[in-house]
2 protein chains.
Amino acid sequence: MREGSSRGVSGRRNGRPTLEEVAALAGVGRGTVSRVINGSPRVSEQAREAVARAVAELGYVPNQAARALAGSRTDAVALVIPETEARVFSEPYFLDLIRGVSAELAQADKQLLLTLVRTEPERRRFEQYLAAQRVDGVLLASVHGDDPLPDRLARLGLPVVMNGRRSEAEPIDYVDSDNTGAGRAAVAHLVGRGRARIATISGPADMYVARARLGGYRAGLAEAGITPDESLVATGDFTEEGGRLAMRALLERAPGLDAVFAASDVMAAGARGALREAGRRVPEDVALVGVDDSVVARLMDPPLTSVRQPIEEMGRTMTRLLLRKIADGPGAGPAAEEEQPRVLPTELVVRDSS
Amino acid sequence: MREGSSRGVSGRRNGRPTLEEVAALAGVGRGTVSRVINGSPRVSEQAREAVARAVAELGYVPNQAARALAGSRTDAVALVIPETEARVFSEPYFLDLIRGVSAELAQADKQLLLTLVRTEPERRRFEQYLAAQRVDGVLLASVHGDDPLPDRLARLGLPVVMNGRRSEAEPIDYVDSDNTGAGRAAVAHLVGRGRARIATISGPADMYVARARLGGYRAGLAEAGITPDESLVATGDFTEEGGRLAMRALLERAPGLDAVFAASDVMAAGARGALREAGRRVPEDVALVGVDDSVVARLMDPPLTSVRQPIEEMGRTMTRLLLRKIADGPGAGPAAEEEQPRVLPTELVVRDSS
DNA sequence: CAGCGATGTGGGAGCGCTCCCATTCCCTGG
DNA sequence: CCAGGGAATGGGAGCGCTCCCACATCGCTG
């Protein structure tokens with residue numbers, strides 16, 4: 001009698017209870033149930049308890065679609081990974097990033113919509129999704145120097161936070177790791193190991209991350225009072241093969257080098273191959289340092305000294321920043337500078353290669 | 001005049017055009033627009049064109065929430081990765097899987113909802129999400145032998161497809177790689193290389209994938225007419241350290257072994273370390289074969305012979321299967337046996353370790 | 001030429017919420 | 001003792017779609 005008749009209001013397709021039914025069972029109105037569900041303070045203790053009981057008894061879970069429609073918010077956030085540029089980073093990078101984002105979103109009870117866009121059509125389709133108001137905000141990973149997407153999204157009024165930046169003066173909110181510091185730390189370490197002819201294998205010059213690490217390398221040399229030598233600078237494309245080729249070029253140009261700072265572990269792995277070919281021992285003849293501290297570094301022979309980035313933490317931080325922007329509502333502009341650290345510190349992990 | 005007045009029907013929060021407005025501009029009814037949008041054949045060519053023009057002019061994109069609410073389907077699919085068991089697989093595994101799933105979903109214009117569940121509370125929360133009808137179906141990765149989740153979901157009436165199975169007689173739809181074949185191929189290769197005392201480092205016995213690979217190893221020996229020797233079988237936990245310990249145990253028990261089939265690349269890496277400690281050369285003294293063909297295999301010294309799984313293809317196949325189940329509607333039962341291959345072939349990649 | 005099914009169409013009736021206004025009730029101060 | 005103002009509440013009015021029924025309209029058949 002307590003419920004029964006009021007329950008089967010209509011021949012519902014699926015048997016899930018609705019807010020209305022919870023209200024009936026709790027003996028209150030729809031509004032009150034909604035308030036309880038959404039944690040409004042304007043509810044009596046008594047009503048709150050009655051509703052809680054009814055929710056438990058019916059196993060009520062609010063219908064997300066209805067919420068989104070009525071409230072024009074989705075409680076979902078998109079993480080966009082342009083797959084074309086995925087190999088830029090050593091392999092586990094994205095999984096770590098996803099892990100951080102996912103954990104932080106789960107905590108806030110938001111959904112993660114993962115979007116790998118590899119082709120232009122997929123990209124267009126993705127913009128359609130955004131237009132269909134499927135997400136409250138967007139996280140952008142691995143943004144290239146001239147990518148127009150971030151600005152386009154921002155202009156749409158959609159909150160956006162990027163992982164990494166496109167240039168020094170990035171107008172859009174971002175979270176990055178201290179790439180300059182990474183280069184400096186690597187060089188300082190090598191200098192401390194008594195190396196003097198320190199080369200570097202940099203990434204493509206059109207990527208900020210590559211320029212920053214190269215800048216750190218130069219700064220490190222300057223701090224150690226070492227005269228820079230451009231023949232010690234080679235460029236790779238963040239792939240293993242690129243690292244191998246760059247290393248060969250370096251050995252040819254500057255056979256006297258005694259250390260190499262590679263801007264990624266994967267390039268370091270390539271470089272290691274080239275060194276082996278050339279009969280140079282690591283670390284005896286040439287010390288080697290990479291960036292990322294990925295599996296690759298641990299598995300190399302000898303294990304690679306590498307500068308670790310707090311990837312998962314970047315994911316978490318990005319997500320916090322985005323959620324804050326979403327909560328602040330539209331027109332709030334970029335988040336205040338101080339609120340969150342935008343550039344996270346890196347850390348040198350010393351192994352046997354240096 | 002053509003539109004104008006009929007447009008600003010209400011002081012809408014956000015300026016996106018609605019189906020109603022498209023209908024007005026096209027000079028047809030709401031129903032017709034809906035039919036055109038959803039590709040119904042019951043529309044005259046003339047109406048279809050008028051609607052198409054109006055859609056283009058207004059830049060109309062259907063509101064997903066409204067669609068989901070009215071149509072009780074979400075056009076989204078969840079991929080669940082239990083993070084606790086993530087290390088079971090070599091690192092790039094999940095990214096490859098995600099890649100395959102994502103590509104296939106994008107093609108079908110569905111959204112990917114990625115859910116990493118690592119803790120019990122997160123898991124419960126996830127079940128809540130499902131109850132909130134946020135997805136049309138679920139893809140489950142890395143399912144453990146006694147995981148009740150698949151059955152629970154299936155009982156909820158939610159279409160489910162798993163990656164891998166829990167046992168030989170898996171009642172729920174799955175896509176797996178030919179783990180038995182992987183073991184057989186590895187052993188056949190080693191036999192072909194003239195090895196006779198072939199050991200194996202298996203995974204935990206409560207995981208089907210481990211049992212299957214071990215079964216393949218045994219079958220391979222039988223096919224080669226080699227008498228099995230249980231002292232040549234050790235068990236690891238799919239980690240590097242586990243591989244190392246297992247290898248040490250094997251060397252102790254069966255010093256005369258001349259080859260090892262490790263059930264994962266990562267365990268092979270651990271085994272390689274133990275072999276080095278023991279002064280055994282690879283491949284001269286002991287030939288080594290792994291499974292996964294991951295980065296790890298390529299970077300080992302010497303590069304590791306490994307059995308490749310078509311991970312991305314598994315992701316694609318799972319997704320196709322799930323989409324089909326969703327399209328077939330509830331109560332359609334498990335998909336017909338023949339429609340899709342459930343067990344994808346593996347492939348031996350020979351490198352210098354054997 | 002009436003009669004019928006096939007085909008195209010418009011629009012009502014929801015889907016299950018949130019928003020917000022109106023109402024009720026109770027406590028305060030004058 | 002009554003006006004006035006909060007606090008708690010009920011419920012109407014949508015949100016933008018899909019579903020489906022009812023209503024043309026057409027070309028056939030017998």
Side-chain angles (χ1 to χ4, degrees), chain A residues 6-51 54-55 58 60-75 131-134 136, chain B residues 6-51 55 58 60-75 131-134 136 329:
Chain A
S6 71
R7 191 79 156 287
V9 171
S10 68
R12 198 162 290 100
R13 263 186 296 279
N14 70 62
R16 312 217 139 279
T18 70
L19 200 161
E20 191 99 40
E21 288 159 15
V22 173
L25 177 55
V28 301
R30 246 176 32 249
T32 301
V33 177
S34 177
R35 258 162 254 145
V36 172
I37 300 282
N38 293 293
S40 154
R42 299 233 159 300
V43 186
S44 70
E45 200 47 50
Q46 186 189 4
R48 191 184 310 280
E49 270 173 27
V51 170
V55 165
L58 296 178
Y60 170 74
V61 177
N63 178 306
Q64 184 50 32
R67 266 190 150 166
L69 181 56
S72 45
R73 75 197 149 76
T74 66
D75 284 338
Q133 318 181 41
R134 299 175 82 126
D136 295 337
Chain B
S6 71
R7 190 78 155 289
V9 171
S10 69
R12 198 163 288 99
R13 263 186 297 279
N14 70 61
R16 311 217 138 279
T18 69
L19 202 164
E20 190 100 41
E21 287 159 16
V22 173
L25 177 56
V28 301
R30 245 177 31 250
T32 302
V33 177
S34 177
R35 259 162 254 145
V36 172
I37 299 283
N38 293 294
S40 156
R42 301 230 160 302
V43 186
S44 69
E45 200 47 50
Q46 188 188 3
R48 190 183 312 279
E49 270 174 27
V51 170
V55 164
L58 295 178
Y60 170 75
V61 177
N63 177 308
Q64 184 50 31
R67 263 189 153 166
L69 180 56
S72 44
R73 74 196 151 78
T74 65
D75 284 339
Q133 317 182 42
R134 300 175 81 128
D136 296 336

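Order of the sequence lines sets the chain letters (A, B, ...), proteins ahead of strands, with each chain counted from 1.
Going from atom CD of B:Q46 over to atom P of D:dT25 covers 14 Å, rounded to whole Å. Note: CD (B:E20) to C1' (D:dG14) measures 13 Å, nearest angstrom. If you take CD of B:E45 and P of C:dT7, they are 16 Å apart, rounded to a whole angstrom. Here the C1' atom of nucleotide D:dC15 and the CZ atom of B:R16 are 15 Å apart, to the nearest Å. As a whole-Å value, the separation of A:L19 CG from D:dG12 P is 15 Å. In this entry the distance linking OH of B:Y60 with C1' of D:dG16 reads 7 Å, nearest Å. Look at CD1 on A:I37: it is 8 Å from P on C:dC17, rounded to the nearest Å. For A:E21 and C:dG16, the CD to P distance is 8 Å, given to the nearest whole Å.
The side chain of B:T32 contributes no N or O atom lying less than 4.0 Å from OP1 or OP2 of C:dG8. For D:dT18, the OP1/OP2 oxygens have no side-chain nitrogen or oxygen of B:S72 closer than 4.0 Å. At the phosphate of C:dT18, OP1 or OP2 sits under 4.0 Å from a side-chain N or O atom of A:S34. Proximity of B:S44 to the phosphate of C:dG8: no side-chain N or O atom is located under 4.0 Å from OP1 or OP2. For B:R67 and D:dT18, the shortest distance from a side-chain N or O to OP1 or OP2 is below 4.0 Å.
Put simply, the residue from B:V22, B:L25, B:V51 that forms a side chain to side chain contact (heavy atoms under 4.5 Å, CB included) with B:Y60 is B:V22.
Taking the C1' atoms of five terminal pairs at each end of the helix from C:dC1-D:dG30 to C:dG30-D:dC1, the two resulting helix axes are inclined by 50°, rounded to 10°.
Of the candidate nucleotides D:dT9, D:dT18, C:dG16, C:dG16 has the atom nearest to the side chain of A:N63. When each of D:dG11, D:dG10, C:dG12 is scored by its nearest atom to the side-chain atoms of A:V28, the top-ranked nucleotide is D:dG10. For A:R42, counting side-chain heavy atoms from C-beta on, the closest listed nucleotide (D:dA8, C:dC17, D:dC20) is D:dA8. Distances from the side chain of B:L69 to the nucleotides C:dC17, D:dT18, C:dC15 place C:dC15 closest.
Put simply, CD on A:Q64 and OG1 on A:T74 are 7.0 Å apart, with the number rounded to the nearest 0.5 Å. Expressed to the nearest 0.5 Å, how far CG of A:N63 lies from CZ of A:R16 amounts to 9.5 Å.
Partners of A:D75 under the side-chain hydrogen bond (donor to acceptor under 3.5 Å, both in side chains) rule, at least two apart in sequence or in another chain, are A:R73, A:K110.
When all heavy atoms of B:A65 and A:L69 are compared, the closest pair comes out as CB-N, 3.7 Å. Closest heavy-atom contact between B:P17 and B:E21: CA-OE1, 3.1 Å.
Between A:A66 and B:R30, the residue anchored closer to the 5' end of DNA chain D is A:A66, taking for each the nucleotide with the nearest heavy atom. Nearer to the 5' terminus of DNA chain D, by closest-nucleotide assignment, is the contact made by A:P41 (compared with the other of A:P41 and A:G31).
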Donor-acceptor contacts under 3.5 Å from residues 26-38 of chain B side chains, at least two apart:
from	atom 1	to	atom 2	distance (Å)
B:S34	OG	B:N38	ND2	3.4
B:N38	OD1	B:R67	NH2	3.0
B:N38	ND2	B:S34	O	2.8

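Between the side chain of B:R48 and the base of C:dG8, no donor-acceptor pair under 3.5 Å is found.
Using modelled atom types, one side-chain atom of B:R48 and one backbone atom of B:V43 make a donor-acceptor pair closer than 3.5 Å.
Across all strands, A:A47 comes closer than 4.0 Å only to sugar-phosphate atoms, never to a base (heavy-atom distances).
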